[in-house]
Student: 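Provided herewith is a single structure, encoded as structure tokens, for subsequent inquiry.
Each chain gets a letter, A, B and so on, in the order its sequence line appears, and its residues count up from 1.
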Amino acid sequence: MSEPRSLHFIEEIVEADKASNKWGGRVHTRFPPEPNGYLHIGHAKSIVLNSTLARRYGGKFNLRFDDTNPAKEEQEYVDSIIDDVKWLGGDFEDRLFYASDYFGRMYEWAEALVQKGKAYVCDLNAEQMREYRGTLTEPGKNSPFRDRSPAENLDLFRRMKQGEFAPGSKTLRAKIDMASGNINLRDPVMYRIVKEHHHRQGDAWCIYPSYDWAHGLEDSLEQITHSICTLEFENHRPLYDWFLKELGIYHPQQIEFAKLQLNYTVLSKRNLLFLVKEKYVSGWDDPRMPTIRGMRRRGYTSEALRAFCEDIGVTKNDTVIDILRLENAVRDHLNATAPRRMAVVSPLKVVVTNWPAGQVEHVEVQNNPEDEKAGVRQVPFSGELFIERDDFMEDPPKKFFRLAPGREVRLRGAYFIKCESVVKDASGAITELRCTYDPATKGGNAADGRKVKGTIHWVSAAHAVDAEIRLFDRLFSAEFPGKAHEDKPGVERPFLLDLNPTSLEVAKGKVEPALAGEKEGARFQFERLGYFCVDKDSKPGALVFNRTVALKDAWAKEQAADEKPAAAPKAAAPAAPPAKKAEAPAGPAAEIEFTDFTKIALKAGKVLAAEKVEKADKLLKLSVDLGEGAPRTIVSGIAEAFAPESLVGRNVVVVTNLKPRALKGIESRGMILASGSGKGLSLINPGDVPPGTDVK
RNA sequence: UGGGGCGUCGUCUAAGGGUAGGACAUCAGACUUUGACUCUGAGUAUCGUGGUUCGAAUCCACGCGCCCCAGCCA
């Protein structure tokens with residue numbers, strides 16, 4: 001649609017090299033992961049960069065495991081990485097390599113440097129070495145072992161390899177310059193003694209090469225032309241070059257680019273590992289994780305990921321990409337390719353009172369308006385339907401286009417219906433809508449040409465299939481997780497404080513029957529809701545769908561905008577929502593945004609019963625009388641502060657106009673107001689007033 | 001008081017002496033049997049100060065700001 005994208009700086013280097021025939025016209029790149037964790041979206045950028053460079057310039061791309069540290073590496077990671085790289089379209093053909101396969105040659109080269117007087121065995125321990133290294137502003141001192149003869153060094157180095165010395169007692173170091181301004185050049189370690197089992201080499205080695213020593217050799221052996229790495233290795237390039245030059249061997253060019261950073265997530269292996277180990281997520285493939293595995297399970301396509309990686313560009317600028325760009329990339333691809341279906345996440349029953357009893361009709365609906373070839377399907381229609389709760393309002397604002405008492409809407413592909421009456425239960429909750437349909441609107445067009453403002457989705461009650469629908473949201477509610485809590489005393493992992501308490505909501509929905517037999521990985525657009533895929537937990541008769549990403553929602557945006565000015569006059573906030581939370585981090589409290597406070601309805605309530613919630617040590621399930629006829633069930637994260645018995649009979653303040661929310665499978669209809677946090681929590685007391693009293 | 005790198009709309013990213021362009025986001029509108037998609041329009045940017053030049057985001061000088069480096073991790 002626009003002009004061809006201009007070249008990024010690495011492509012310019014490659015083109016210049018091709019033009020000058022620097023590498024004999026070859027382009028050969030590689031992706032060199034350490035198998036110590038799962039791949040994440042940041043790795044995707046590197047994989048896409050390296051592999052497309054090779055493809056675009058007629059070159060080759062290698063996958064190489066940089067497995068030089070047996071203490072951290074595992075076969076499980078190797079397997080997952082291979083699978084993810086392939087899935088992303090990184091085509092390494094038969095070029096799957098392991099640094100550990102080069103250990104023999106690396107060792108020989110090390111001996112050569114020893115003999116040349118460019119490397120020596122050092123007996124300093126880690127702490128001493130640190131002292132000798134100096135600081136950023138002061139030069140280091142030469143090791144007392146720096147001047148050992150080549151013969152002595154060779155002997156000691158061989159004995160290191162034999163396993164004669166204890167781990168940590170000796171290292172082989174390059175003899176460069178202890179006074180260099182670049183600390184990496186202050187006699188860096190080439191080999192350390194490690195007595196651990198290696199996932200491929202077993203116990204064959206007890207000395208292992210360091211990254212700086214090994215990496216250039218690996219690239220050299222594989223005849224890599226452009227060795228692309230991230231910015232933090234820029235300081236290491238002089239060392240990369242030094243080793244290859246001293247050895248006089250094939251010498252690739254190292255080029256550094258800025259790694260991907262994304263807001264509203266964490267991308268460090270350390271933090272991701274922690275989330276998995278401590279069960280904040282269900283595993284590496286939790287759909288909320290920024291891992292390739294997680295995103296795959298969530299329903300992201302590899303095309304979308306590649307498009308995203310291409311779209312964000314390649315530079316040396318240290319930047320943070322807005323996660324909206326990622327979400328945009330999937331929507332883009334799925335909009336073009338995903339078949340449409342109808343599904344109701346939060347069902348509200350509609351009885352069509354003038355529909356002939358027992359009659360079932362099939363209406364024809366397009367599978368994908370973006371793709372004629374996707375064809376059409378027949379969807380059953382009957383006198384009892386489910387529509388989305390959000391698509392009905394008893395007392396709607398002017399701009400609400402959907403169903404309301406006396407209003408008419410179109411049921412997508414079927415008929416116009418008009419809401420005649422609303423049925424409620426004893427507590428005042430809406431249980432059913434009674435509507436009439438207009439037989440002259442079959443297919444969605446009125447014979448008399450009248451228009452309706454809204455079209456909503458629906459399923460036929462008798463034909464709908466139950467499904468668990470997992471609604472994922474961002475894992476973190478702060479743009480830079482942990483940033484606001486960095487200096488708080490006693491906070492070990494600040495990013496945990498920004499975990500989004502509603503990153504997973506599980507809905508019991510109703511989906512159209514065409515979805516019944518779908519298998520893991522199948523992707524759809526649920527009309528007006530978003531893109532969904534069948535989860536691996538899905539079984540015949542027990543469908544499970546993951547929401548990949550919601551559709552853009554102008555109505556939701558408008559509502560949010562309407563609420564803002566009230567509390568935040570200076571809404572000059574940056575692009576992303578600030579998501580400022582109220583001060584109570586426990587449980588549902590964190591769900592309310594500061595800006596919403598002018599709209600919440602507070603009522604006094606009396607606790608009738610309280611009990612602990614299984615498998616949730618912070619949650620209590622309360623039954624609260626709010627003067628509504630029937631008590632409400634409210635789940636509250638106050639178990640650490642209050643024993644259940646102590647709450648019975650107590651007066652509390654309840655936020656009553658929240659969307660019901662499932663917590664550990666219990667639907668919570670409201671929120672108890674508390675202040676403080678953790679065990680220092682105290683409940684707000686409305687005073688001695690009858691349940692149902694408004695609280696100001 | 002060390003070494004290395006980077007500064008262009010809100011966010012990414014082009015332009016490498018000659019009209020500061022694009023994408024995402026935002027706002028306004030059109031279209032709509034998805035408040036989606038699509039389309040139209042709008043606003044907002046060259047870190048600062050000097051200098052060279054007819055002309056500087058681009059070249060020079062001096063500042064300023066941010067990132068990385070003191071693992072026997074990668």
Student: Expressed in angstrom and rounded to an integer, what is the separation of A:Leu231 atom CG from B:C6 atom P?
Tutor: 8 Å
Student: Remember a base hit wins even if backbone is also touched, and classify A:Asn445 as base, sugar-phosphate or nothing at under 4.0 Å, heavy atoms.
Tutor: base
Student: B:U8 P sits how many Å from A:Asn317 CG, rounded?
Tutor: 6 Å
Student: Does A:Thr455 have a side-chain nitrogen or oxygen under 4.0 Å from the phosphate oxygens OP1 or OP2 of B:U34?
Tutor: no
Student: Test for a donor-acceptor pair under 3.5 Å between the base of B:U34 and the side chain of A:Gln525, counting only N and O atoms.
Tutor: yes
Student: Round to a whole Å and report the spacing from NE2 of A:His40 to P of B:A74.
Tutor: 17 Å
Student: As a test of reading the structure: which of B:U34, B:C24, B:A70 is closest to the side chain of A:Arg528, going by heavy atoms?
Tutor: B:U34
Student: Do A:Glu73 and A:Arg200 sit within salt-bridge range, that is, some charged N less than 4.0 Å from a carboxylate O?
Tutor: no
Student: Does a sphere of radius 6.0 Å around NZ in A:Lys195 hold more than 12 heavy atoms from other residues, nucleotides or ligands, not counting ones at 6.0 Å or beyond?
Tutor: yes
Student: Go through B:C72, B:A70, B:A36 for me and flag the one nearest to the A:Val189 side chain.
Tutor: B:C72
Student: Nearest nucleotide by nearest heavy atom, which residue falls closer to the 5' end of RNA chain B, A:Phe526 or A:Leu124?
Tutor: A:Phe526
Student: Does B:G41 fall in syn (glycosidic angle within 90° of 0) or anti?
Tutor: anti
Student: Output the residues of residues 168-178 of chain A in contact with RNA chain B, where contact means a heavy atom of the residue under 4.0 Å from an atom of the strand; sort by number or write none.
Tutor: A:Gly168, A:Thr171
Student: Consider only side-chain N and O atoms of A:Arg30 and A:Ser227, and report whether a donor and an acceptor are under 3.5 Å apart.
Tutor: yes
Student: When we call it a touch if two heavy atoms are under 4.0 Å apart, what does A:Thr135 touch: a base, just sugar-phosphate, or nothing?
Tutor: base
Student: Identify whether any heavy atom of A:Glu234 sits under 4.0 Å from a base atom; if not, whether one sits that close to sugar-phosphate; answer base, sugar-phosphate or nothing.
Tutor: sugar-phosphate
Student: Is any NZ, NE, NH1 or NH2 atom of the basic residue among A:Arg402 and A:Glu388 found under 4.0 Å from an Asp or Glu carboxylate oxygen of the other?
Tutor: no
Student: For nucleotides B:A15 and B:G35, find the distance between their C1' atoms and express it as a whole number of Å.
Tutor: 38 Å
Student: What's A:Val320 touching, base or sugar-phosphate or nothing? Going by heavy atoms closer than 4.0 Å.
Tutor: sugar-phosphate
Student: Do the side-chain N and O atoms of A:Tyr300 and A:Glu327 include a donor-acceptor pair separated by under 3.5 angstrom?
Tutor: no
Student: Just checking A:His215: base, sugar-phosphate only, or nothing, at a heavy-atom cut-off of under 4.0 Å?
Tutor: nothing
Student: With RNA chain B as reference, determine whether A:His8 or A:Arg410 sits nearer its 5' end, using the nearest nucleotide of each.
Tutor: A:His8
Student: Can you label the angle between the A:Phe524 ring and the A:Phe526 ring as parallel, tilted or perpendicular, going by 30° and 60°?
Tutor: parallel
Student: Can you find a donor-acceptor pair, distance only, under 3.5 Å between A:Asn328 side chain and B:C24 base?
Tutor: no
Student: May I ask you to evaluate whether A:Asn182 reaches the phosphate of B:C69, defined as a side-chain N or O under 4.0 Å from OP1 or OP2?
Tutor: no
Student: Taking any heavy-atom pair under 4.0 Å as a contact, classify A:Ile312: base, sugar-phosphate, or nothing.
Tutor: sugar-phosphate
Student: Among all residues two or more places apart in sequence or in another chain, which pass the ring pair (Phe, Tyr, Trp, His ring centres under 6.0 Å) test with A:Phe243?
Tutor: A:Trp213
Student: List in chain and number order the residues that pass ring pair (Phe, Tyr, Trp, His ring centres under 6.0 Å) with A:Phe381, two or more places apart in sequence or in another chain; answer none if no residue qualifies.
Tutor: A:Trp355, A:Tyr415, A:Trp458
Student: Grab the CD1-P distance between A:Ile193 and B:C72 for me, whole Å please.
Tutor: 14 Å
Student: Quick one, which residues of residues 367-374 of chain A touch RNA chain B with a heavy atom under 4.0 Å?
Tutor: A:Pro369, A:Glu370
Student: Would A:Trp555 count as stacking on B:G35 if stacking means ring centres less than 5.5 angstrom apart and planes tilted under 30 degrees?
Tutor: yes
Student: Once you apply a heavy-atom cut-off of 4.0 Å, does A:Phe233 come out as touching a base, just sugar-phosphate, or nothing?
Tutor: base
Student: Can you tell me how far C1' of B:U11 sits from OH of A:Tyr264, to the nearest Å?
Tutor: 12 Å
Student: Answer yes or no: are there more than 12 heavy-atom neighbours, outside A:Glu372 itself, under 6.0 Å from its atom CD?
Tutor: no
Student: For A:Leu551, report the nucleic acid contact type (base, sugar-phosphate, nothing); a contact means any heavy atom under 4.0 Å.
Tutor: base
Student: Does OP1 or OP2 of B:A74 have a side-chain N or O of A:Thr68 closer than 4.0 Å?
Tutor: yes
Student: Can a donor-acceptor pair under 3.5 Å be found between the side-chain atoms of A:Arg130 and the base atoms of B:G71?
Tutor: no
Student: For the residue pair A:Asp67 and A:Gln201, confirm or rule out a side-chain donor-acceptor distance under 3.5 Å.
Tutor: no
Student: Whole angstroms only, please: what is the CZ-C1' distance between A:Phe401 and B:U34?
Tutor: 14 Å
Student: Can you see if the side chain of A:Arg133 gets near the phosphate of B:C72 - specifically, an N or O under 4.0 Å from OP1 or OP2?
Tutor: yes
Student: Regarding A:Asn125, tell me which of base, sugar-phosphate or nothing describes its non-hydrogen contacts under 4.0 Å with the strands shown.
Tutor: base
Student: Can a side chain N or O of A:Arg340 be found less than 4.0 Å away from OP1 or OP2 on B:U34?
Tutor: no
Student: Using a 3.5 Å limit on both pairing distances, list the dot-bracket string of RNA chain B from the 5' end; Watson-Crick and G-U wobble pairs count, crossing pairs take [ ], interstrand pairs take |.
Tutor: .((((((..((((....[..)))).(((((.......)))))....(((((..]....))))))))))).....
Student: Do the side-chain N or O atoms of A:Lys316 get closer than 4.0 angstrom to the phosphate oxygens (OP1, OP2) of B:C68?
Tutor: no
Student: For B:A36, does either OP1 or OP2 sit under 4.0 Å from a side-chain N or O belonging to A:Arg412?
Tutor: no
Student: Please enumerate all residues that pass ring pair (Phe, Tyr, Trp, His ring centres under 6.0 Å) together with A:Tyr240, with sequence neighbours excluded.
Tutor: none
Student: Classify the nucleic acid contact of A:Thr315 as base, sugar-phosphate or nothing, counting any heavy atom under 4.0 Å across all strands shown.
Tutor: sugar-phosphate
Student: Quick check on B:G3: is either OP1 or OP2 less than 4.0 Å from any side-chain nitrogen or oxygen of A:Arg186?
Tutor: no
Student: Assert yes or no for the condition that the ring centre distance of A:Phe476 to A:Tyr264 is strictly below 6.0 Å.
Tutor: no
Student: Say we look at B:U58 and B:U46: how far apart would their P atoms be, to the nearest angstrom?
Tutor: 12 Å
Student: Just how far, in rounded Å, is C1' of B:C72 from CG of A:Asn69?
Tutor: 10 Å
Student: Using a heavy-atom cut-off of 4.0 Å across all strands, would you classify A:Phe416 as base, sugar-phosphate, or nothing?
Tutor: nothing
Student: Has A:Lys552 got a side-chain N or O lying under 4.0 Å from the OP1 or OP2 atom of B:C37?
Tutor: yes
Student: Going by the angle between their ring planes, with limits at 30° and 60°, are A:Phe103 and A:Trp205 parallel, tilted or perpendicular?
Tutor: perpendicular
Student: Picking from B:C12, B:C69, B:A74, which would you name as closest to the side chain of A:Arg325?
Tutor: B:C12
Student: Looking at side-chain heavy atoms only, is the closest gap between A:Ile176 and A:Arg186 below 4.5 Å?
Tutor: no
Student: A:Tyr107 ring centre to A:Lys161 NZ or CZ under 6.0 Å, with the angle to the axis within 45°?
Tutor: yes
Student: Using whole Å, report how far CZ of A:Phe308 lies from C1' of B:U13.
Tutor: 13 Å
Student: Can you check whether A:Lys557 has a side-chain N or O nearer than 4.0 Å to OP1 or OP2 of B:A25?
Tutor: no
Student: For A:Gln254 and A:Asp219, what are the C-alpha separation, side-chain angles and deciding distance, and is it a side-chain hydrogen bond (donor to acceptor under 3.5 Å, both in side chains)?
Tutor: CA-CA 10 Å; A:Gln254 175 177 312; A:Asp219 287 339; over 6 Å; no
